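Have a look at the structure below, then the notes.
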Protein chains: 2
Amino acid sequence: MTHQGAQQPTLGIDIGGTKTHAILLSASGQVLAQRVRPTEVGTDGVIAAALAAADDCLGSTGLVRSDLACVGVGIPGQVDHRTGEVRTAVNLGIERLDLGARLSSEFGVPVSVDNDVKAAALGAAAHLGIGDLSYLNVGTGVAAATLAEGRLVRGPGNLAGEIGHIPVAPGGVRCVCGQLGCLEAVVGGGRIAARLAPLAPAVTLPTLVAAAAAGDPDAVAEAGVISAGIATAVQLLVLTQGSALVVLGGGVIHTCVGLVDLVRRELAARANGSDFLASVDLAGRVAELPSDYPVAAIGAAMVARADAEAAAPASLG
Amino acid sequence: MTHQGAQQPTLGIDIGGTKTHAILLSASGQVLAQRVRPTEVGTDGVIAAALAAADDCLGSTGLVRSDLACVGVGIPGQVDHRTGEVRTAVNLGIERLDLGARLSSEFGVPVSVDNDVKAAALGAAAHLGIGDLSYLNVGTGVAAATLAEGRLVRGPGNLAGEIGHIPVAPGGVRCVCGQLGCLEAVVGGGRIAARLAPLAPAVTLPTLVAAAAAGDPDAVAEAGVISAGIATAVQLLVLTQGSALVVLGGGVIHTCVGLVDLVRRELAARANGSDFLASVDLAGRVAELPSDYPVAAIGAAMVARADAEAAAPASLG
């Protein structure tokens, strides 16, 4: 017996701080449609925007909600993947929201909810066709997610990946979390913007690497700080979890033209001083995705599929 | 159909720098016998000591090699768990050894080989009855291994866990790997011994924490360096992988009386300055095992069992 839903499409929804992106994925993994809506804040706003983006997507292909096998949602904040509950998604104005249950009653099909960075790791794995990777999101917040043999590393409470709050510059500036010198305080988008503000309009995030290459001393210093911080995150992820690749994504990566190459150069320089690091080839493990690939929305659909497969009765043949 | 070996005992062998420890584990997980032999260096010596410890163990229960379901071996160095090949086990005088194949032809049953720290993580999980933990080995070398939902995180080439070579003291002393300020250069046993040498006999590793409590300034400084380094490793493991527990083990932990409490105190102090860290409760995640529990030998047996189960044809009933 084939379990129900095996031939039906899956909807993935990525709820970001500014945009809500829905994609419709066929059973064979093809993107059938995608639509973007502005995110609305607050619990009701978040749900309204998600439903609007979803219905836009379905409507464009002549499908309705009940045609779906399942729905997956990626959202920032602390997400209990087992229950679908979201807590403390500050930028979305959410203190606590039972997102899985609310959307499930709207769609009438199973809805899975996961942290957006964990969803992105699955989306990256689907694109690259490998099962051992980390996804490092460098945006306003800094966090990572890792797949080991195709499965997300979560830990109880889905805590895994909070590497933004590992101090990498002891004695450095204070992080929003209260510690000094956290990775997020070094490479988080908000902190970078604050450091660049006195330099603008001469140096901005999109022009930073070019200005550094042209010899602007402030740009050289700032580009060095950012690329070293991201390089340290890559080193930390690979040595801790053995990831074959670390996929870089998020607003800082997509805005700062040339940054990924600087990170690779920094890692190559570190390998010059260490046979061990050279053998690990950190620079060769850095990857990025096309900026128009909807990594978190596709990953959200993969989360839903994985849950549906795990819940399906074992096939007898 | 019950697959062969399900009722037969498993042998676990932990090959350490000085001792080779064999344990015989019943199908229900009971330790039937255990024996220790001095490790011999070189490829033939390592194998001879492993066979001697194994035969001592079997002999004490009236069993022979062919009574075993399978054999698991934990050994330091770079271990390709898929092939059973060991490389660069410096302390054992091994450059390259096809350990799995050599022992398999001796025992006449399947032999699995894994890195000793990865084996220890499985042994710790078996003792504690949980599936999401990290094992942090602080000995001459410093490395970790993590289980996520009961499965070891390996990465291609079994690289995961090499956290000893993450710099935690930028600008610190040079590590054997060539980098500056690696975790291993701060808390590795050899480096601690070198720093304590000028202080001995007044302060040694077993008396360090007591001397610090009594106010010896050198001991206070050194105990602070070691406990902060281990605390950083715990923080790094939990925030990266979400581990419910970090089990501390290895020579430095077992020799330095009171060190684990100092690590907990350091982590509690860090939580005082950060609501985020307080919510994660790092101090409450630190665990240790009874020092006489043969964690790596039992874990080696678990590695073999997991491989045997994965290789067994799926049961139809």
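Each chain gets a letter, A, B and so on, in the order its sequence line appears, and its residues count up from 1. Predicted model, so just to flag it, every value in this text is computed and none were measured.
Pairing each heavy atom of B/Asp132 with each of A/Gly155, the nearest pair is OD1-CA, 3.8 Å. The nearest pair of heavy atoms linking A/Arg285 to B/Leu159 is NH2-CD2, 3.7 Å. B/Gln241 and A/Val153 get closest at one heavy-atom pair: O-CG1, 3.7 Å.
In this structure a side-chain-to-backbone donor-acceptor pair under 3.5 Å is missing from B/Glu162 to A/Val238.
Under the salt bridge (charged side-chain N to carboxylate O under 4.0 Å, His left out) criterion, A/Asp80 pairs with A/Arg82, sequence neighbours left out.
For the options B/Gly178, B/Ala244, B/Pro156, heavy-atom pairs under 4.5 Å to chain A are most numerous at B/Pro156. Of the listed residues B/Ala148, B/Gly161, B/Gly131, the one with more heavy-atom pairs under 4.5 angstrom with chain A than any other is B/Gly161.
Against chain B, no residue from residues 133-145 of chain A qualifies, as none has a non-hydrogen atom under 4.5 angstrom away. Applying a 4.5 Å heavy-atom cutoff, the residues of residues 263-275 of chain B that approach chain A are B/Gly273, B/Ser274, B/Asp275. Taking 4.5 Å as the heavy-atom cut-off, none of the residues of residues 113-129 of chain A approach chain B.
The CZ atom of B/Arg151 lies 5.5 Å from the CD atom of A/Glu149; values are rounded to the nearest 0.5 Å. The CD1 atom of B/Ile166 sits 8.0 Å away from the CD1 atom of A/Ile166 when rounded to the nearest 0.5 Å.
With a 4.5 angstrom heavy-atom cutoff, A/Leu237 touches chain B only via side-chain atoms. Residue B/Thr146: no heavy atom, backbone or side chain, is found under 4.5 Å from chain A. No part of B/Ile130 comes within reach of chain A, as not one of its non-hydrogen atoms sits under 4.5 angstrom from that chain.
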